[in-house]
Amino acid sequence: MFRAYCNSIRLLICLFCLLPPAAGAQAMADAKTVLLTAFAVNQPAQLQDIDDIAQGFPRELGRRLAAGRQFAIRSSHELLSWDWQQGAPEPRLLQQLSAATDSRYIVAGEIRNAGIFIQKKFFGLWNTSKRSMEVEIRVYDARSGTLLARHDLAKTIDGAVTVGREHVFGGAGFVATPFGAAIAQLLDEAAQAVGNDLRQQ
């Protein structure tokens, strides 16, 4: 019986060695399956000028991650929460999502701030306006139910700038606006950070 077992192991090793490079690459991609959930929005009133950022931000983040062909991207329109409140998810929820979507990793987040604020200059003699975008992103190992990484990212630009809901999130018209371009840069940074997290696993 032991000899038969050893022969089976040798056969499996030989079959693995005979796999073509493309199959090996596909196996790696399958091992890096990533589910992106909807992002919570902390202050919805601040985002009346932006079209559906809760779905748009993770969608564009996933598109950037998929571009490198290292990750198989899945998406969900739901928040990572039992009760629609953004917080630390229970390991059981992560594991159930992993099984239901065949995803090893889960990326969730929150749009923390997108407000316009006034900055006083020269002892308050005049004011300037700025607008910031602040995002928190969390990366989970869904099977173990553990948090792998957390990123707090932000961009600030001058002016009381708006985007306009007529522009599809992430589209050409969107990124042609100053604030849309800043959000696109933030997405590039987010994709690099999350991609690095996943590649290290």
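Fair warning: this is a prediction, and the values are worked out from it, not measured in the lab.
Here the CZ atom belonging to R63 is positioned 4.5 Å from the CD atom belonging to E60, to the nearest 0.5 angstrom.
Counting heavy atoms from C-beta on, the side chains of V107 and P58 never come closer than 4.5 Å. The closest side-chain heavy-atom distance from S103 to L97 is not below 4.5 Å. Using a 4.5 Å heavy-atom cutoff, the side chains of L148 and Q200 are not in contact. Inter-residue side-chain proximity for V139 and L198 is flagged as met; some heavy-atom pair is nearer than 4.5 Å. In this structure the side chain of F57 never reaches within 4.5 angstrom of the side chain of V41, judged on heavy atoms. Put simply, the side chain of E134 does not reach to within 4.5 Å of the side chain of D152, judged on heavy atoms. Contact check for K32 versus Q201: side-chain heavy atoms found under the 4.5 Å cut-off. Put simply, the side chain of E110 does not reach to within 4.5 Å of the side chain of L79, judged on heavy atoms.
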Give the table of side-chain donor-acceptor pairs shorter than 3.5 Å for residues 163-173, with sequence neighbours excluded, one pair per line with atom names and distance.
residue, atom, partner, partner atom, Å
R165, NH1, Q48, O, 3.4
R165, NH1, I50, O, 2.8

I'd like a table of donor-acceptor pairs (distance under 3.5 Å, sequence neighbours excluded) in which one partner is a side-chain atom from residues 178-195, with atom names and distances.
residue, atom, partner, partner atom, Å
D188, OD1, R64, NE, 2.7
E189, OE2, K155, NZ, 3.0

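The closest donor-acceptor contact from the side chain of T33 to the backbone of R104 lies under 3.5 Å. With hydrogens and angles ignored, the 3.5 Å screen pairs no side-chain donor or acceptor of E136 with any backbone N or O of R150.
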When you look at L80 and L94, which way does the side chain to side chain contact (heavy atoms under 4.5 Å, CB included) test go after all the steps? CA-CA 8 Å; L80 185 57; L94 294 169; 3.9 Å; yes
Criterion side chain to side chain contact (heavy atoms under 4.5 Å, CB included) on R74 and D102, from CA distance to verdict: CA-CA 9 Å; R74 291 149 169 71; D102 190 27; 3.8 Å; yes
As a quick check of understanding, evaluate side chain to side chain contact (heavy atoms under 4.5 Å, CB included) for R59 and L36, giving each step before the final call. CA-CA 8 Å; R59 182 185 67 242; L36 284 97; over 6 Å; no
Apply side chain to side chain contact (heavy atoms under 4.5 Å, CB included) to I53 and M133, showing your working. CA-CA 12 Å; I53 194 170; M133 171 67 72; 3.7 Å; yes
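Residue pairs meeting the ring pair (Phe, Tyr, Trp, His ring centres under 6.0 Å) criterion with at least one member in residues 182-201, sequence neighbours excluded, do not occur.
Of all heavy-atom pairs between S129 and I118, the closest is OG-CD1, 3.4 Å. Listed here is the closest heavy atom pair of T37 and A108: OG1-CB, 3.4 Å. S132 and T156 make their closest contact through CB-OG1, 3.4 Å (heavy atoms, listed as atom of the first residue, atom of the second, distance).
Between the side chains of N113 and Q46, at least one donor N or O sits under 3.5 Å from an acceptor N or O.
One hydrophobic cluster holds both L147 and I106 under the rule that ILVMFWY side chains link at heavy-atom gaps under 4.5 Å.
Ion pairing of R143 with D141 is absent here, as no side-chain N (NZ or NE/NH1/NH2) approaches a carboxylate O to less than 4.0 Å. A salt bridge links D49 with R131: the distance from a Lys NZ or Arg NE/NH1/NH2 to an Asp or Glu carboxylate oxygen falls below 4.0 Å.
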